[in-house]
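Each chain gets a letter, A, B and so on, in the order the sequences are listed, and its residues count up from 1.
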2 protein chains.
Amino acid sequence: MGTKERRQREFEDREQVFLDCARDLIRDEGLLNLQMSRIAEKSEYAVGTLYKHFASKEDLLLALAAVDTEKHVAMFQRATQWQAKARDRMVAIAVADMIFVRRNPDFFRLGQYVFTEVVWKAASTERRQAMLVASDPIADMVTGIVNDGVAAGELELRGMAAEEICTGLWALSAGTHNLVHAEGVLEDFNIRDPYRLMCRHTQVMLNGYGWRPLVDVGDGAALDALIKRICNEVFDDLCSE
Amino acid sequence: MGTKERRQREFEDREQVFLDCARDLIRDEGLLNLQMSRIAEKSEYAVGTLYKHFASKEDLLLALAAVDTEKHVAMFQRATQWQAKARDRMVAIAVADMIFVRRNPDFFRLGQYVFTEVVWKAASTERRQAMLVASDPIADMVTGIVNDGVAAGELELRGMAAEEICTGLWALSAGTHNLVHAEGVLEDFNIRDPYRLMCRHTQVMLNGYGWRPLVDVGDGAALDALIKRICNEVFDDLCSE
DNA sequence: ACAATTCGTGAATAAGATTCACGAATAAAT
DNA sequence: ATTTATTCGTGAATCTTATTCACGAATTGT
């Protein structure tokens, strides 16, 4: 009598099939040209079936973004659990961002879009909730590193809450994502290696908080060496460079 | 024979009428519910007339965002031209951001949306160009202040280009906008006074670049005094607090 | 006064998202 | 084994909106 279970399993697997097809279509034809009927066609199901899984197009997009976010968070987790000084782990978070965006070029574009009022409000409460749950661990991870740094005497809060420092670093990262996205959208806008720049600014901001030892940001070689070390020790399987 | 001129003038004024109506509709009913037919109805013109002015809905949104950007840039210009030390002018830029967003709560939401791949690509080349032209002065203004600071011996580049420092500050600002937007979109997300925090992080980051005298970020009172001074001296007419 | 041109109009069209009545497949009951 | 009930995928039909364009009124030129 496992038929019911098999059915259930098939239904769940199908959601993944739809998401994969949608992702392929976005990659090949762009978010702009994504059509529900094309997703159905590509996955060889009827449109009605697609709507059994997703309340709306926006819902599907949010589901897609949530999957990305889970992978993104998993990268952060590796950085967080790395056995190293808080200072290096903080840069590792930035490197995780860098690697992730390079490997998933559509990620931010989609993320940007789904967090738009228009899309967000058009999606179902469940998907919104799933998205929030997926991104929930991030703040704790970063705050945790800041607190570790303080505990180890490497960082001074200087009257700020750990969460506020965290917010500054987060803004830096979100702003850099914006910038990377702008490179794709604007024609003549081009900043060389924006995520490397973000790593440096992370160090500079932490310098501002009396992070010890202070980083000599003039020495790009030191940063590059650290990035390479992080790639080797933390993201071995993902770094080809 | 001024009839032709009058006609021409009427045509140009109408564009403003459409934009005003669209803005009102967005304020009252949200971007999500904005419909071209409603804009036409509200402005008491036919849809066809609306389309004589805007190639598409996205085109209209981009035009709307460009107007906002011009006002935004005008605020920055006031900060830039303020007769004060580079250090204070840099904070004045941040304060300009703060005041502008508070007075135009829909601004960033719209800006976020139009810079989305989906909207950007759907708009006409002319509007895109107008948007780029409108935001063009910003980078120069900020880089200018950084260079002034370096020339006055208040800031060390430490091996970074002025543009790179500028990018860091820009990322901080863009990230904060993101955060402010998130407060509107997400239900339970709430950061007290995000722009004040941005001002502080601007100071911290500049501390990291050896800005002199270094700012004691622990002293929130000093920052608040500076913000109040900027409101009085630069944005007198816009600050009620 | 008449022809030519410009310009606003809104009904018609187009594109795409979303629905839902249907029938096939499966499960339950006899 | 046969009948009845239920579940589930289907895709043609519907609905919503953006967008177009043929028309006629207003204006200009002769």
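- Taking atom CG on A:L50 and atom P on D:dC8, their separation rounds to 17 Å, with Å as the unit.
- Between A:L34 atom CG and C:dA17 atom P there is a gap of 8 Å when expressed in whole angstrom units.
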Q: Kindly determine whether B:F100 and B:F76 satisfy ring pair (Phe, Tyr, Trp, His ring centres under 6.0 Å), including the steps that lead there.
A: CA-CA 10 Å; B:F100 186 74; B:F76 284 166; 8.2 Å; no
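- Listed nucleotides: D:dT19, C:dG16, D:dT17. Nearest to the side chain of B:Q35: D:dT17.
- If you measure from atom CZ of B:F18 to atom C1' of C:dG8, you get 10 Å, rounded to the nearest angstrom.
- Evaluation of the salt bridge (Lys or Arg N to Asp or Glu O under 4.0 Å) test over residues 43-60 of chain A, restricted to residues two or more places apart or in two chains, returns A:D59-A:R127.
- If you check every strand for non-hydrogen atoms under 4.0 Å, A:R14 touches sugar and phosphate atoms only.
- Ring centroids of A:Y195 and A:H177 are separated by less than 6.0 Å, placing the two rings close together.
- Within 4.0 Å of B:I39, counting heavy atoms only, lies no atom of the nucleic acid at all.
- One can place OH of A:Y51 at 15 Å from C1' of D:dA13, the figure rounded to the nearest angstrom.
- Of the two residues contacting DNA chain C, namely B:K52 and A:K57, the nearest-nucleotide position lying further toward the 5' end is that of B:K52.
- Within the structure, salt bridge (Lys or Arg N to Asp or Glu O under 4.0 Å) pairs that include any residue of residues 89-99 of chain B comprise B:R89-B:D148 (at least two apart or interchain).
- If you take CD of B:Q8 and P of C:dT5, they are 20 Å apart, rounded to a whole angstrom.
- Across the protein-nucleic acid pair, A:E41 atom CD and D:dG11 atom C1' stand 13 Å apart, rounded to whole Å.
- A sub-4.0 Å separation between OP1 or OP2 of D:dG9 and a side-chain N or O of A:Y45 is absent.
- Under the 30°/60° scheme for interplanar angles, the aromatic rings of B:F18 and B:H53 are found to stand perpendicular.
- Taking atom NE2 on A:H53 and atom P on D:dC8, their separation rounds to 10 Å, with Å as the unit.
- A sub-4.0 Å separation between OP1 or OP2 of D:dT17 and a side-chain N or O of B:S37 is absent.
- Checking A:Q81 against A:Q77 by side-chain atom types alone, no donor-acceptor pair falls below 3.5 Å.
- Summarising the geometry, the separation between CZ on A:F11 and P on D:dC8 is reported as 8 Å, rounded to the nearest angstrom.
- For the helix from C:dA1-D:dT30 to C:dT30-D:dA1, the axis fitted to the five pairs at one end and the axis fitted to the five pairs at the other end meet at an angle of 10° (nearest 10 degrees).
- Nearer to the 5' terminus of DNA chain C, by closest-nucleotide assignment, is the contact made by B:E44 (compared with the other of A:A55 and B:E44).
- In this structure, A:W120 and A:F115 have parallel ring planes: the angle between them is below the 30° cut-off, well short of the 60° mark.
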